[in-house]
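Computation of the quantities below employed the complete heavy-atom set of this structure, encompassing side-chain atoms and omitting hydrogens, waters and symmetry-equivalent molecules.
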Amino acid sequence: MCIKKLREEDIDVTGFWYNTNIHPYMEYKARRDTLKKYSEMINLDVIYKDEYGLREFTKNTINILDNRCRYCYYSRLDEVARYAKENGYDAFCTSLLISPYQKHDLIKKICENLSEKYNIKFLYKDFRPYYYEGKAMFKETGLYMQKYCGCVFSEEERYEKLINKNKKWKI
């Protein structure tokens with residue numbers, strides 16, 4: 001929906017894949033390969049900075065688990081903003097702004113700071129009202145859909161109730 005909405009405003013969109021936060025590797029591969037298929041379907045150019053980053057990501061987040069999202073957002077968005085500036089793009093944006101599950105205000109603030117750092121426009125759009133419509137639209141493609149934000153710690157949180165229940169029942 002992010003791409004659709006931007007294109008409706010006659011904004012030329014180029015995708016950028018840089019997701020060192022996604023683990024395990026098969027999840028990373030499934031998401032990357034899905035983007036490759038989907039980008040062909042909608043005629044979207046995508047830049048792939050294809051770096052699986054389990055060790056780097058965990059090294060930088062293990063001691064800040066409760067604040068890991070800040071590192072995750074910043075490290076990836078910094079790469080996007082820097083690349084956009086160095087390669088002559090007018091602005092940058094992020095599809096993270098569509099999810100009601102992400103820390104929207106933190107993402108926006110990081111992007112504003114990166115806009116200043118790299119002297120490039122941050123194209124802010126609150127895509128959250130289109131989340132469920134976009135999810136339904138994407139389901140129709142039959143392509144893989146993620147089930148958690150990406151990091152191994154969020155995968156654990158996804159099963160937290162089950163883990164606690166199993167501990168209680170000693171399963």
Visitor: Say you draw a straight line from CG of N63 to OG1 of T58; how long is it, rounded to the nearest 0.5 Å?
Guide: 10.5 Å
Visitor: Would E56 and K59 count as a salt bridge (Lys or Arg N to Asp or Glu O under 4.0 Å) if you check the C-alpha gap in whole Å, the side-chain angles of each, and the deciding distance to 0.1 Å?
Guide: CA-CA 5 Å; E56 186 70 16; K59 179 182 82 171; 3.4 Å; yes
Visitor: Under a 4.5 Å side-chain heavy-atom rule over Ile, Leu, Val, Met, Phe, Trp and Tyr, are Y131 and I42 clustered together?
Guide: yes
Visitor: Does R7 have any side-chain hydrogen bond (donor to acceptor under 3.5 Å, both in side chains) partners at least two apart in sequence or in another chain, and if so, which?
Guide: none
Visitor: Tell me whether Y130 at atom OH has more than 12 heavy atoms from other residues, nucleotides or ligands lying less than 6.0 Å away.
Guide: no
Visitor: Hey, can you tell me if F122 and F92 have their rings parallel, tilted or perpendicular (30° and 60° cut-offs)?
Guide: tilted
Visitor: Quick check: does any side chain N or O of S115 sit under 3.5 Å from a backbone N or O of C111, one acting as donor and the other as acceptor?
Guide: no
Visitor: Side chain to side chain contact (heavy atoms under 4.5 Å, CB included) between L54 and Y25: does it pass, once the steps are laid out?
Guide: CA-CA 8 Å; L54 175 64; Y25 178 72; over 6 Å; no
Visitor: With rounding to the nearest 0.5 angstrom, report the CG to CZ distance, D66 to F153.
Guide: 11.0 Å
Visitor: Do any N or O atoms from the side chain of S75 and from the backbone of C72 form a donor-acceptor pair under 3.5 angstrom?
Guide: yes
Visitor: Between E156 and R68 (salt bridge meaning N to carboxylate O under 4.0 Å), is one present in this structure?
Guide: no
Visitor: For residues 101-110, tabulate all N or O donor-acceptor pairs below 3.5 Å that involve a side-chain atom, not counting sequence neighbours.
Guide:
{"from": "Q102", "atom 1": "OE1", "to": "Y73", "atom 2": "OH", "distance (Å)": "2.5"}
{"from": "H104", "atom 1": "ND1", "to": "R128", "atom 2": "NE", "distance (Å)": "3.4"}
{"from": "H104", "atom 1": "NE2", "to": "Y124", "atom 2": "OH", "distance (Å)": "2.8"}

Visitor: Counting C-beta onward and ignoring hydrogens, is there a side-chain heavy-atom pair between D126 and L97 closer than 4.5 Å?
Guide: no
Visitor: Identify the two heavy atoms, one from I120 and one from A81, that lie closest to each other, and give their separation to 0.1 Å.
Guide: CG2-O, 4.2 Å
Visitor: Assess K121 against Y89: is NZ or CZ under 6.0 Å from the centre of the six-membered ring, and within 45 degrees of the ring's axis?
Guide: no
Visitor: In terms of heavy-atom contacts, does NZ of K29 have more than 12 from other residues, nucleotides or ligands at under 6.0 Å?
Guide: no
Visitor: Are I3 and L44 packed together at the side-chain level, in the sense that at least one heavy-atom pair is separated by less than 4.5 angstrom?
Guide: yes
Visitor: When rounded to the nearest 0.5 angstrom, what is the spacing between CZ in R82 and NZ in K85?
Guide: 13.0 Å
Visitor: Take E51 and R76 through the salt bridge (Lys or Arg N to Asp or Glu O under 4.0 Å) test and state the conclusion after the steps.
Guide: CA-CA 11 Å; E51 296 177 14; R76 294 182 301 134; over 6 Å; no
Visitor: Tell me whether the centres of the aromatic rings in H23 and F57 are closer together than 6.0 Å.
Guide: yes
Visitor: Give me each pair satisfying side chain to side chain donor-acceptor pair (under 3.5 Å) with a member in residues 141-151, each pair once, sequence neighbours excluded.
Guide: E27-Y144, R31-Q146
Visitor: Any side-chain heavy atom of S95 sitting closer than 4.5 Å to one from F16?
Guide: no
Visitor: Can you confirm whether D78 sits close enough to Y118 that some side-chain heavy atom of one is under 4.5 Å from a side-chain heavy atom of the other?
Guide: yes
Visitor: Starting from M41, can I reach M1 by hopping between I/L/V/M/F/W/Y residues whose side chains sit under 4.5 Å apart?
Guide: yes
Visitor: Indicate, with yes or no, if the rings of Y83 and Y18 have centres closer together than 6.0 Å.
Guide: no
Visitor: For a 4.5 angstrom cut-off between non-hydrogen side-chain atoms, does F127 reach K5?
Guide: yes
Visitor: Linking I/L/V/M/F/W/Y whenever any side-chain heavy atoms sit under 4.5 Å apart, do Y71 and Y52 land together?
Guide: no
Visitor: Over all heavy atoms of both residues, which pair between Y74 and K117 is shortest? Give the atoms and the distance, please.
Guide: OH-NZ, 3.1 Å
Visitor: Between C151 and T61, is any pair of side-chain heavy atoms under 4.5 Å apart?
Guide: no
Visitor: Could you check whether any side-chain heavy atom of T94 comes within less than 4.5 Å of a side-chain heavy atom of L77, counting everything from C-beta outward?
Guide: yes
Visitor: Rounded to the nearest 0.5 Å, what's the gap from CG on D12 to CG on D90? Could you check?
Guide: 9.5 Å
Visitor: Could you give the distance from CG (L114) to CD (E79), rounded to the nearest 0.5 Å?
Guide: 11.0 Å
Visitor: What I'd like to find out is whether the side chain of E8 reaches to under 4.5 Å of the side chain of L6, using heavy atoms alone.
Guide: no
Visitor: Check whether Y159 and M145 end up in the same hydrophobic cluster, where Ile, Leu, Val, Met, Phe, Trp and Tyr are linked by side-chain heavy atoms less than 4.5 Å apart.
Guide: no
Visitor: Nearest 0.5 Å please: distance from the CD1 atom of I22 over to the CZ atom of R32.
Guide: 10.5 Å
Visitor: In terms of side-chain heavy atoms, does D33 have a donor or acceptor partner in Y38 at a distance below 3.5 Å?
Guide: no
